[in-house]
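Take a look at the structure set out below.
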Amino acid sequence: MAIKISRSGYIGIIALLVMLLIVLLFTADNYNSILFSDFIYSCKVCAAVITVSGIILISLQNNIFTIANISYAFFVMFQFGIPFLYAINPDYYNFYTTLFDEKILNNSVIYTTLCILFWCMGIIVCISNCDSRRYKILFSRFPIMNDAQYIRRILKYLIVITGLIVIPLYTYYAFLTLQNGFSQEIRRMLSSNALFRFGNAFFLPACILYRCYSTRMYCRIIKAIDIPFLYICGASLIIGDRTTGISWLLVFFYDIYSNYQGKRNKVILDILLCLGIFLVGIISAFIAYNRVASTGEQMGILEIMRAGIFTRIIEELGFNFYSISFVNLFVPSSYDYQYGLSYIYSFLSLIPSTFDFWGVKENIVNPTQWLLLANHSEFGSLLDFGTGFSFIAETYMNFSWLGCVVSFIMPLFLRNIFGPYIVSNNWERYVRLIFIFILITFPRRSLVESLVVVEYAIFFLGLYFIITWQIFGRHKKNNH
């Protein structure tokens, strides 16, 4: 697959290579020197480089709220939030930083920065692509994807069936949370329900897809299908499931924005989108604090805002930085590098259990679960709430420092998502929205969790339309 890059793209890549060189020169691995061994100093250098890189990326595009910029912003926010706080305020304190020595912290900051720079270079290659050929997104070649009436009719059955599963369960557990407060046990009970996991994998994506194919609107923005969609997002936020609630809300906001950005009220929409993202950040910080706080220490939204809202938001979203620090702590001193095995296992995990005749999935340990067990072995019950995992941590776990190159390769597989691609039908619009959801969440996940979304929300849903069309469409033709 040849990729032709524009002149501005080459300039952007060269500028990022200069930024990469600055990181390597000014954060040298020399711990006998007071200047270079300072974790705060590394945070300041890397924060400046990442900021300049973001400016370079934005300058190569005509709009601020593009998929490329949103992806980069969440990547930086999730993976570099804590170092940013140390760069801005050297007196900032976070208990989890004290769990590591300075060498691990310094290496974590440098490696994270390298991954972010390589990710940015990969995006620039995609958005600067001069190739005018059009590449169809998965399943969009099938004529059925242009039959809006048929898609809506078939989707109604799926939405009703999965809605009958997830809406009562979300309502019940949201009511329990309102009665008893945030509880890890309540979320565990909900997520352990196999029927719920099945329904939840399809319901919200099906609502988004129906929205893409629907033309009837209320108040020029809201559609009828948005009501159950927003209800589930709200219920998930009450329960404390930020991934479901916040990420899908951001996808919803982006869809509204992208379909109205050509209108006269573009500036107003920009402001509203910024306010929406800020509000989502406040809600995320509120949920994150209260679901781990003891009963007497929980805080309201106004109290959290008075305690320093920007610090709270960045601290909460950026906590995922510690994933690479934990992996650095254990690999390779206690555990060997995976050399790509975790990625192979991720694809093997997609095999439905019904067809897993050799029991392969039973022997696969999810990287998130592995880190949870490793932390429990090292720190006891201190981190049993779950520190999560991250894309960057998984690259290091597999390939050590060479893993940062994976950050450059990954965006190239999404050239139709990042690049200058014209959406030719509603299915392609839907696929891009699903990938926005993935790109929002993938920095703080292992690869398998993102692949599962592709498997259910795109692959299985696309097969659902094609198979039903082959059955019912053929039957209809025979009747005529």
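Only this structure's heavy atoms are used, side chains among them; waters, hydrogens and symmetry mates stay out.
With F437 as the partner, the ring pair (Phe, Tyr, Trp, His ring centres under 6.0 Å) test is satisfied by one option alone out of F253, Y430, W248: W248. Results of the side-chain contact (heavy atoms from CB on, under 4.5 Å) test with Y72 over I50, I67, L439, I58 single out I50 as the only residue that passes.
T162 is linked by a side chain to side chain donor-acceptor pair (under 3.5 Å) to nothing, counting only residues two or more places apart in sequence or in another chain. Taking the side chain to side chain donor-acceptor pair (under 3.5 Å) definition, one finds that S450 meets it with nothing, sequence neighbours left out. Evaluation of the side chain to side chain donor-acceptor pair (under 3.5 Å) rule for W119 yields S71 as partners, not counting sequence neighbours. Applying the ring-ring contact (aromatic ring centres under 6.0 Å, His included) rule to F78 yields the partners F74; only residues at least two apart in sequence or on another chain are considered. Taking the side chain to side chain contact (heavy atoms under 4.5 Å, CB included) definition, one finds that T98 meets it with Y93, F95, sequence neighbours left out. For S400, the side chain to side chain donor-acceptor pair (under 3.5 Å) partners are Y337, not counting sequence neighbours.
For Y92 and N94, the side-chain atoms include at least one donor-acceptor pair closer than 3.5 Å. For the 3.5 Å distance criterion, the side chains of T66 and N69 qualify, holding a donor opposite an acceptor. Side-chain N/O atoms of S342 and E394 include a donor and acceptor closer than 3.5 Å. Of the N and O atoms on the side chains of Y345 and Q338, not one donor lies less than 3.5 Å from an acceptor on the other residue.
Between the S333 side chain and the L329 main chain, a donor and an acceptor come within less than 3.5 Å of each other. Within the 3.5 Å criterion, the main-chain N or O of A47 finds a donor-acceptor partner in the side chain of T51. At distances below 3.5 Å, at least one donor-acceptor pair connects side-chain atoms of Y111 with backbone N or O atoms of C404. The backbone N or O of V109 sits nowhere less than 3.5 Å from a side-chain atom of T112 that would complete a donor-acceptor pair. At distances below 3.5 Å, at least one donor-acceptor pair connects side-chain atoms of Q79 with backbone N or O atoms of P443. Between the side chain of N200 and the backbone N or O of V166, no donor-acceptor pair lies under 3.5 Å.
L447 has its side chain out of reach of F442: every pair of non-hydrogen atoms, C-beta onward, lies at least 4.5 Å apart. Annotation: side chain of M410 is not in contact with side chain of V405 (no heavy-atom distance under 4.5 Å). For the pair S42 and V45, the minimum side-chain heavy-atom distance is 4.5 Å or more. Proximity of Y343 to V448: side-chain heavy atoms (C-beta onward) are nowhere separated by under 4.5 Å. Under the 4.5 Å side-chain criterion, counting only non-hydrogen atoms from C-beta, C212 is in contact with L433. Counting heavy atoms from C-beta outward, M77 and R444 have side chains that stay 4.5 Å or more apart. With a 4.5 Å cut-off on side-chain heavy atoms, Y86 and P83 do not count as touching. Under the 4.5 Å side-chain criterion, counting only non-hydrogen atoms from C-beta, V125 is not in contact with P411.
Residues N107 and W401 come closest through the heavy atom pair O-CH2, 3.7 Å. Closest approach of L412 and C126 over heavy atoms only: CA-SG, 4.1 Å. Nearest heavy atoms, P367 versus M397: CB-CE, 4.2 Å. Closest of all the heavy-atom pairs between A174 and A235 is CB-O, 4.1 Å. In terms of heavy-atom proximity, L341 sits nearest to N398 at N-OD1, 3.4 Å. Closest approach of I127 to Q61, counting heavy atoms only: CD1-CG, 3.8 Å.
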Start with the C-alpha gap between S108 and Y396, add the side-chain angles, then the distance that decides, and say whether side chain to side chain donor-acceptor pair (under 3.5 Å) holds.
-> CA-CA 10 Å; S108 299; Y396 184 85; over 6 Å; no
Stepwise, does the ring-ring contact (aromatic ring centres under 6.0 Å, His included) test hold for F100 with F326?
-> CA-CA 8 Å; F100 310 100; F326 284 119; 4.9 Å; yes
side-chain contact (heavy atoms from CB on, under 4.5 Å) between I436 and R432, worked out = CA-CA 6 Å; I436 290 175; R432 288 169 72 89; 5.5 Å; no
Dump the intermediate steps for ring-ring contact (aromatic ring centres under 6.0 Å, His included) on F202 and Y456, then the final yes or no.
-> CA-CA 7 Å; F202 287 110; Y456 281 88; 5.5 Å; yes
L372 and N375: side-chain contact (heavy atoms from CB on, under 4.5 Å), yes or no, with the steps?
-> CA-CA 5 Å; L372 181 65; N375 282 336; 5.7 Å; no
Could you give me the CA-CA distance, side-chain angles and deciding distance for Y335 and V327, then say whether side-chain contact (heavy atoms from CB on, under 4.5 Å) is met?
-> CA-CA 9 Å; Y335 299 89; V327 171; over 6 Å; no
Going through the distances and angles, do R445 and F389 end up as a side-chain contact (heavy atoms from CB on, under 4.5 Å)?
-> CA-CA 5 Å; R445 288 177 160 188; F389 206 66; over 6 Å; no
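The structure places CD1 of I440 at 4.5 Å from CG of L250, a figure rounded to the nearest 0.5 Å. The distance from the CD1 atom of I434 to the CD1 atom of I417 is 10.5 Å, given to the nearest 0.5 Å. Between I392 atom CD1 and T113 atom OG1 the span is 8.5 Å, to the nearest 0.5 Å. To the nearest 0.5 Å, atom CG of residue L249 and atom CD1 of residue I232 are 11.5 Å apart. Interatomic distance, F39 CZ to N106 CG, rounded to the nearest 0.5 Å: 7.5 Å. Rounded to the nearest 0.5 Å, atoms CD1 (I246) and OG1 (T441) are 12.0 Å apart.
The number of heavy-atom neighbours closer than 6.0 Å to CZ of F347, taken from other residues, nucleotides and ligands shown, is 12 or below. Atom CZ of F198 sits in a sparse spot, with 12 or fewer heavy atoms from other residues, nucleotides or ligands closer than 6.0 Å.
Aromatic ring centres of F319 and Y322: separated by under 6.0 Å. In this structure, F75 has its ring center at least 6.0 angstrom away from the ring center of F80.
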